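To keep things clear, I will list the structure first and then write my remarks on it.
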Number of protein chains: 2
Amino acid sequence: MTGIRKKPRQQRSRATWDAILEAAAQLFGERGYTGTTTNKVAERAGVSIGSLYQYFPNKEALLLALSERHMEESGATLSAVFQQLEQERPDLETTLTSLIEATVALHRHNPAMHRLLFEQTPRSAALMSRFRRLETLMATAVAGQLTRLGVGGPHPEARALLLVQGVEAQVHGAVLAPPEGLSSETLVEEIKALWLTALRSGHPR
Amino acid sequence: MTGIRKKPRQQRSRATWDAILEAAAQLFGERGYTGTTTNKVAERAGVSIGSLYQYFPNKEALLLALSERHMEESGATLSAVFQQLEQERPDLETTLTSLIEATVALHRHNPAMHRLLFEQTPRSAALMSRFRRLETLMATAVAGQLTRLGVGGPHPEARALLLVQGVEAQVHGAVLAPPEGLSSETLVEEIKALWLTALRSGHPR
DNA sequence: CTGAAATGTGAGATTTACTCGTGTTTGCGT
DNA sequence: ACGCAAACACGAGTAAATCTCACATTTCAG
């Protein structure tokens, strides 16, 4: 269930593989998932429909491959942030700001892809499971930070998970659908303030 | 774009309309959205495929109608909660508990429908806009409560929106996908504690 | 009773995901 | 250079799903 039917062995096939994925990313972004046909993907990629199905067993596999790529990028970015946090060990406010700004950056980096994966797509079990894996990974790392800062409470894992889920939803809304009369910057500042208060209370300095 | 092609005028057509929607709810719940065909919906409803397309212009319209129904129910439930809050005017902790428990109840009431609308479905622009409308409505009501309790901060609307988005995401995760080793009850209690701290800090009694 | 509007029907037109038999290119041993 | 097997590419065709439309039936006002 890797979403890949055949790993390319020659360089030309690697090129068609890339072309197909790139075409899929473009068309999904332009027309949405259901609005895109596999034939159109093959056409824009400049390959035959048969070649597409040689590498991707079905339409959803294209989406899975794209999500894989996107989540690897996201994972790498976040890993870097956590690595820096573990080196510098800043206070709660700085730590929170780093995490939230990183989340904002992920949403602003490729809004089309984010919309595609989180809004316009039938979330299959496979996609959900990939997503939960990233979420769990992040929650674990966050729990480590909370514990270090002494704000983990009785259930650091639980608190970290709620932080990850909450911040993701709030930032998603703030960046991709800011409501009438509220700038996304204002909202992001409010998000930081809210979580800072929620976490530091009862644990000053 | 109402998702309804023709409003029924006679009672028999109302009956077929109901039968179609009920069949769609069942099959979508059993087989998922993409796993359900419009012909099967018509078959289970005991009507011809033509009748289905007389009332619903396409498959997605079935989903939209179901979401409409679900959101109306949710809206009614929440309205009742807010009405009670405005009468009894309880303190912050009780208010928060009411709101969060209401959200939990909504998720537990019909998990299949919730999963269908929020996970297994390609979220069209129409569906998203309906969802945002409910979210905005809720945020406005919550903002009123926060202001009454003196915890609105400089941007009560912003804070309320973040609360609605955050709690929805957290409760959704806690109820529909509690992680290994954490009961959803524990998580819900943690959600309450977290928001209570976030909101009451700096504004004791 | 009558005609017109509302409702119901289902064969089939159209679209789309996906297959498969066949042709072409590449790498490699000799 | 040559031949050959494996990898790669092709695209008409198949199966299955969505949706249409011309026609049949039911309802009801006058």
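In what follows, chains carry the letters A, B, and so on, assigned in the order in which the sequence lines appear, proteins first and then strands, with residues in each chain numbered from 1. All values reported here derive from a predicted model rather than from experimental measurement.
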> Between D:dT20 atom P and B:N39 atom CG, what is the distance in whole Å?
Replying inline: 13 Å

> For A:Y53 and D:dG13, what is the distance between atoms OH and C1' respectively, to the nearest whole Å?
Replying inline: 14 Å

> Taking atom types as modelled and ignoring hydrogens, do the side chains of B:W17 and B:Q54 form a donor-acceptor contact shorter than 3.5 angstrom?
Replying inline: no

> What's the CD-P distance between B:E43 and C:dA11, to the nearest Å?
Replying inline: 13 Å

> Under 4.0 Å: is that the gap between some side-chain N or O of B:S51 and OP1 or OP2 of C:dT9?
Replying inline: yes

> Can you find a side-chain donor-acceptor pair between B:H172 and B:E119 that sits under 3.5 Å?
Replying inline: yes

> Between atom CD1 in B:I49 and atom C1' in D:dA22, what is the gap in whole Å?
Replying inline: 17 Å

> For B:Y33, is the NZ or CZ atom of B:K59 found under 6.0 angstrom from the centre of its six-membered ring and inside 45 degrees of the ring axis?
Replying inline: yes

> Distance only, no hydrogens: is a donor on one side chain within 3.5 Å (strictly under) of an acceptor on the other, for A:E60 and A:S124?
Replying inline: yes

>> Measuring to OP1 and OP2 of D:dG11, would you say a side-chain N or O of A:S48 lies under 4.0 angstrom away?
In response: no

>> Between A:Q26 and A:R44, is there a side-chain donor-acceptor contact under 3.5 Å, judged purely by atom types and distance?
In response: yes

> Do any side-chain nitrogens or oxygens of A:T37 fall under 4.0 Å of OP1 or OP2 in C:dT16?
Replying inline: no

>> Distance check needed: C:dA6 C1' versus B:W17 CH2, whole Å only.
In response: 18 Å

>> Checking contacts here: which listed nucleotide (D:dT18, C:dT7, D:dC19) is nearest the side-chain heavy atoms of B:N58?
In response: D:dC19

> Whole-Å distance between C:dC20 C1' and A:Q54 CD?
Replying inline: 12 Å

> To the nearest angstrom, how far is B:K59 atom NZ from C:dT15 atom C1'?
Replying inline: 14 Å

> Atom CG of B:L62 to atom C1' of D:dA17: distance rounded to whole Å?
Replying inline: 14 Å

> Below 4.0 angstrom from OP1 or OP2 of D:dA9, is there any side-chain N or O of A:T16?
Replying inline: yes

>> Under 4.0 Å, counting only non-hydrogen atoms across every strand here, what does B:T34 touch: a base, just sugar-phosphate, or nothing?
In response: nothing

